Amino acid sequence: MIWRAGHREWDLSQRALIMGILNVTPDSFSDGGRFLDVEAALTQARRMVEEGADILDIGGESTRPGAAPVDEEEECRRVLPVIEALGSSHPGVAISIDTSKSAVAEEALKAGAHIVNDISGLGDPEMGRVVAEHGAGLALMHMQGQPRTMQAAPSYDDVVAEVSEFLQRQGEAAMNAGVDEERLVFDPGIGFGKTLDHNLEILRSLTAFSLGGRPVLLGVSRKSFMGKILEDEAMEARHWATVALTSYGRECGVRIFRVHDVGSNVHAARMTEAMLDFR
Ligand code: HH2
């Protein structure tokens, strides 16, 4: 199973990738503040690379339930300096831009990003063209509704079927826009317009999202549904639940894990791969 992104090519048949989350979503934007944000992001990036991250996912707009949208100029102002700096300081690591806006994706790819992580699954009709023109990798995610309201009343007749049908359709739209199939990965979008039960149903059926045999990306890191199961809202509890789900997800065939805590999830993936005789 190959995934291509820019000039990079990964063979995912045995070894999964860990995508470290690098959020650049500060509250204030004085010049001094921005410089400090870039420095802080680079420090965090260095740590994640040392712990074994294959990809860094840079996001300039929070997508937490209830989060307010950010315009494209502001999103670019946040992410571009970090992408440019990472290109020189960490040329070995692949960079993903977490955005739903084709204009932001375009600028990020020009600045050196290799992958577009689109939580709207091609909600912006120009996104497929931009990704194709740059030969970028594309993570297509499912979301019901918009971040501001998506957790108000999520509803499905059959969540697994509906999410996989959406991903199938959007994957075809991406290919019609010129994106090579080998550049696509699919993400069911845990927590994006889903109740606790919807998330669990998806997690029990992860192989259903490997459409056309493409890799599945999973983002459960620190999400609140785990706090509900554990009856413990502390981040520390969610951290260990994330590690458990990385091991479980790896056993179910997931090939890319989007996480905040890189080292422990790298270990979970490598240990599970050893048990699957992939060492
Ligand atoms: N989850 C978040 C953001 N981007 N991308 C993919 N492909 N899959 C996900 O599950 C996913 C994602 C959640 O974002 P947010 O709640 O803003 O926080 P953080 O970026 O710290 O995870």
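Only this structure's heavy atoms are used, side chains among them; waters, hydrogens and symmetry mates stay out. Atoms within each ligand, like the ligands themselves, are counted from 1 in listed order. Just so we're clear, the structure is a prediction, and the values are computed from it rather than from any experiment.
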Item to complete: Would you mind telling me which of R255, R15, R8, R258 makes a salt bridge (Lys or Arg N to Asp or Glu O under 4.0 Å) with D54?
Response: R15

Worksheet entry | Residue contacts for ligand 1, heavy atom to ligand atom, distance under 4.0 Å | I21, N23, S62, T63, R64, D98, N117, I119, M141, D187, F192, L217, G219, K223, R258, H260

Discussion item. Name the residue from E72, E126, E61 that meets the side-chain hydrogen bond (donor to acceptor under 3.5 Å, both in side chains) definition with K101.
Written reply: E61

Item to complete: Write down the atom of M127, the atom of D118, and the distance for their closest heavy-atom approach.
Response: CG-OD2, 3.7 Å

Worksheet item: Do we see a donor-acceptor contact under 3.5 Å between the side chains of N117 and S96?
Response: no

Worksheet, complete the sentence: Interatomic distance, CG@L217 vs CD1@I55, rounded to 0.5 Å, equals 7.5 Å

Item to complete: Look only at the side chain of S247 and the backbone of A268, and say whether a donor-acceptor pair between them is shorter than 3.5 Å.
Response: no

